[in-house]
Amino acid sequence: KAVVVSGWFNNRETKVGGYKPAENPTPFITRTHRPAYYLPDLLNRFGDAELAWMIAPRPLLIEAGTKDTSVNINAAREEFRRVEAMYGRLGKSSLAVFAPFDGPHQIHGADSFPFLDRWLPATQDKLR
């Protein structure tokens with residue numbers, strides 16, 4: 001019914017092959033240690049925006065830390081513009097939310113938990 005993505009949404013092409021922050025100039029692909037990051041043929045098929053399009057028109061919030069060394073905030077914003085455009089074409093612009101926060105790679109929750117409370121009220125009632 002609603003989706004929150006925290007610390008993952010990014011421009012995959014930039015992340016995997018190009019982005020090199022000054023504080024860590026090696027490409028992300030050479031620093032990663034999780035096999036889940038190696039998705040064969042991913043970039044020939046789709047990126048994060050296309051994955052988000054599969055969620056549309058359901059409510060979607062992307063949470064990203066401005067100090068996250070795994071997700072470049074500017075690349076995430078750039079990719080999110082594509083999501084905004086799709087939700088806009090569907091007449092559902094208000095359902096796609098980008099929620100940056102001042103912090104590292106973590107689940108922040110300041111925007112995401114209220115977002116879920118808004119869109120999943122029946123779930124909240126069942127938990128009480």
Which pair of non-hydrogen atoms, one from F9 and one from F80, has the smallest distance, and what is that distance?
-> CE2-N, 3.6 Å
Answer yes or no: is there a donor N or O on one side and an acceptor on the other, between the side chain of E63 and the main chain of P100, under 3.5 Å?
-> no
Here the gap from I62 atom CD1 to E84 atom CD, rounded to the nearest 0.5 Å, amounts to 10.5 Å
Between P114 and G109, which heavy-atom pair has the shortest distance, and what is it?
-> CD-O, 3.6 Å
Take R81 and F98 through the test side chain to side chain contact (heavy atoms under 4.5 Å, CB included) and record every step on the way to the result.
-> CA-CA 9 Å; R81 284 189 204 100; F98 189 80; over 6 Å; no
Would you name the heavy atoms of V97 and S94 that are closest together and state the gap between them?
-> CG2-O, 4.0 Å
Shortest non-hydrogen contact between L95 and P57, atoms and distance = CD1-O, 3.1 Å
To the nearest 0.5 Å, atom OG1 of T66 lies from atom CD1 of I73 at 6.5 Å
Any W119 side-chain heavy atom under 4.5 Å of K1 side chain = no
Please assess V5 against L60 for the test side chain to side chain contact (heavy atoms under 4.5 Å, CB included), listing each intermediate value before the final yes or no.
-> CA-CA 8 Å; V5 177; L60 169 67; 4.2 Å; yes
Counting N and O atoms only, with roles assigned by atom type, does the side chain of D48 sit under 3.5 Å from a partner on the main chain of N10, one being a donor and the other an acceptor?
-> yes
Kindly give the heavy-atom pair with the smallest separation between R82 and W53, and that separation in Å.
-> O-NE1, 3.4 Å
Heavy-atom check, side chain of D68 versus side chain of P104, under 4.5 Å = no
Look at the side chain of Y87 and the backbone N and O of R58, then say whether any donor-acceptor pair between them is shorter than 3.5 Å.
-> yes
Does atom CG of L90 have more than 12 heavy-atom neighbours, drawn from other residues, nucleotides or ligands, at distances under 6.0 Å?
-> yes
F101 versus Q106, closest heavy-atom pair with distance = CZ-O, 3.6 Å
Would a distance-only check, ignoring hydrogens and angles, find a side-chain to backbone donor-acceptor pair under 3.5 Å from E79 to A76?
-> no
With the side chain counted from C-beta on, respond yes when W8 and L51 share a heavy-atom pair under 4.5 Å apart, and no when they do not.
-> no
Report yes if some heavy atom in the side chain of V4 is under 4.5 Å from a heavy atom in the side chain of F113; otherwise report no.
-> no
